[in-house]
Amino acid sequence: MADVLPTAFYDRDPARVARELLGAVLAVTARGRTLHARIVETEAYLGPHDPACHAVVGRTARTWHLHGPPATCYVYRIYGLHWCMNAVTLPEGIGSAVLLRAVEPLDALPALRRRRPRARRDLDLTNGPAKLCEAYAITGDHDGSSLVDGPVRILHGDAIADARVRRTPRIGITRAADWPLRFLVADSPWVSRTPTRFPVLPLDP
DNA sequence: CATTTGATGTTCT
DNA sequence: GAACATCAAATGC
């Protein structure tokens, strides 16, 4: 597809990629059908020198594809229960990525609801990193696949103006807990909750 | 509304 | 043996 974000898009500072992925479109293909969703919340993990990044332990079996080339899909299991999906950034061997934290479904709501029967509202289908993976059936099977021509791709979408973007610290981490590397679309109802204690910053301070 | 807790298993120390 | 890029239900106010 001509709209796919090219590898060069990912081969840059992960915080910049995280910002610019807002508004891009996740496209997940399975059994001949493709589902679409707009990305509204992301987090950047900067690499081996970021204490919260999985790359701190080096290139192990788990982090193998995190260290892959830009535009690689890195999927890992968390808390033994859930999956989280990342877009790998920077060149092979660096180990940096952007976590997809929330998306706005653009079609196929009934299919998403079937996979997430316990979601109370539609807004709860995809407003968290593990929720969106469950809704779109993204699992360890996708770990290492290409975001350019694999089963999970990211397409060029609407640009989100700087004025609509906010930054906060990253959620659920203990190390480098104050680094403002979470990016979200301020006026989207599809983002996850921001902890009350978190500062919410404009994009350009 | 906000905060706490139990579920669950892989990874790393 | 502890930590963990989470979720949903239960509890507190």
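Letters A, B, ... are given to chains in the order of the sequence lines, protein chains preceding strands, and every chain is numbered from 1.
- Distance A:R120 CZ to C:dC7 P: 17 Å, rounded to the nearest Å.
- If you check every strand for non-hydrogen atoms under 4.0 Å, A:R101 touches sugar and phosphate atoms only.
- Put simply, A:R182 has no side-chain N or O that comes within less than 4.0 Å of OP1 or OP2 on C:dA5.
- Distances from the side chain of A:R175 to the nucleotides B:dA2, C:dA5, B:dT13 place C:dA5 closest.
- In this structure, of C:dA5, C:dT6, B:dT3, it is B:dT3 that holds the atom nearest to the side chain of A:T196.
- Pairing for C:dA5 is absent, judged as Watson-Crick or G-U wobble with the two contacts each under 3.5 Å.
- Counting non-hydrogen atoms of neighbouring residues, nucleotides and ligands closer than 6.0 angstrom, the CZ atom of A:R12 exceeds 12 such neighbours.
- When rounded to the nearest whole Å, the span between CZ of A:R193 and P of C:dT6 equals 15 Å.
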Check: For A:I173 and A:Y45, what are the C-alpha separation, side-chain angles and deciding distance, and is it a side chain to side chain contact (heavy atoms under 4.5 Å, CB included)?
Finding: CA-CA 11 Å; A:I173 61 170; A:Y45 288 86; 3.9 Å; yes
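- Within the 4.0 Å cut-off from OP1 or OP2 of B:dC12, at least one side-chain nitrogen or oxygen of A:T60 is found.
- Side-chain proximity of A:L81 to the nucleotides C:dC7, B:dT11, B:dT8 is greatest for B:dT8.
- Here the P atom of nucleotide B:dT11 and the NE2 atom of A:H65 are 13 Å apart, to the nearest Å.
- Nucleic acid contact for A:I78: sugar-phosphate only, since backbone atoms but no base atoms lie under 4.0 Å from a heavy atom of the residue.
- Nucleic acid contact class of A:A52 (heavy atoms, under 4.0 Å, all strands): base.
- Regarding A:W83, its CH2 atom lies at a distance of 11 Å from the C1' atom of B:dG9, rounded to whole Å.
- Along DNA chain C, the nucleotide closest to A:N86 and the one closest to A:A119 are compared, and the more 5′ of them pairs with A:N86.
- In this structure, A:Y79 does not count as stacked on the base of B:dG9 under the 5.5 Å centre distance and 30° plane angle limits.
- Ranking C:dA5, C:dA9, C:dT6 by closeness to the A:R118 side chain, first place goes to C:dA9.
- When heavy atoms are screened at a 4.0 angstrom cut-off, A:R116 is found touching the sugar-phosphate backbone but no base atom.
- For the pair A:R170 CZ and C:dA5 P, the interatomic distance rounds to 10 Å; values are reported in whole Å.
- When only modelled atom types and interatomic distance are considered, A:S192 and A:E41 share a side-chain donor-acceptor pair under 3.5 Å.
- Here C:dA9 presents its P atom at 10 Å from NZ of A:K131, a figure rounded to the nearest Å.
- The CD atom of A:E134 sits 18 Å away from the P atom of B:dA7 (whole-angstrom rounding).
- Within the cation-pi definition used here (under 6.0 Å to the ring centroid, within 45° of the axis), A:R38 does not qualify as a partner of A:W190.
- A donor-acceptor contact closer than 3.5 angstrom links the side chains of A:T194 and A:R182.
- A:Y76 and A:L181 end up in different hydrophobic clusters when Ile, Leu, Val, Met, Phe, Trp and Tyr side chains are linked at under 4.5 Å.
- Across the strands present, B:dT8 finds no partner; the criterion is a Watson-Crick or G-U wobble pair with both atom distances under 3.5 angstrom.
- Within 3.5 Å, a donor on the side chain of A:Y76 pairs with an acceptor on the base of C:dA5, or the reverse.
- Looking only at atom types and distance, the side chain of A:H36 has a donor-acceptor partner in the side chain of A:D107 under 3.5 Å away.
- Remark: A:H82 is not in phosphate contact with B:dT8, judged by side-chain N or O atoms under 4.0 Å from OP1 or OP2.
- One interatomic measurement links the two molecules: CG of A:L123 to C1' of C:dA8, which rounds to 16 Å at whole-angstrom precision.
- For A:P129, the listed nucleotide lying nearest its side chain is C:dC7; candidates were C:dC7, B:dC12, B:dT3.
- Taking every side-chain heavy atom of A:T174 into account, C:dC4 is the closest of C:dC4, C:dC7, B:dT11.
- Distances shown here put every side-chain N or O of A:R77 at or beyond 4.0 Å from the OP1 or OP2 atom of C:dC4.
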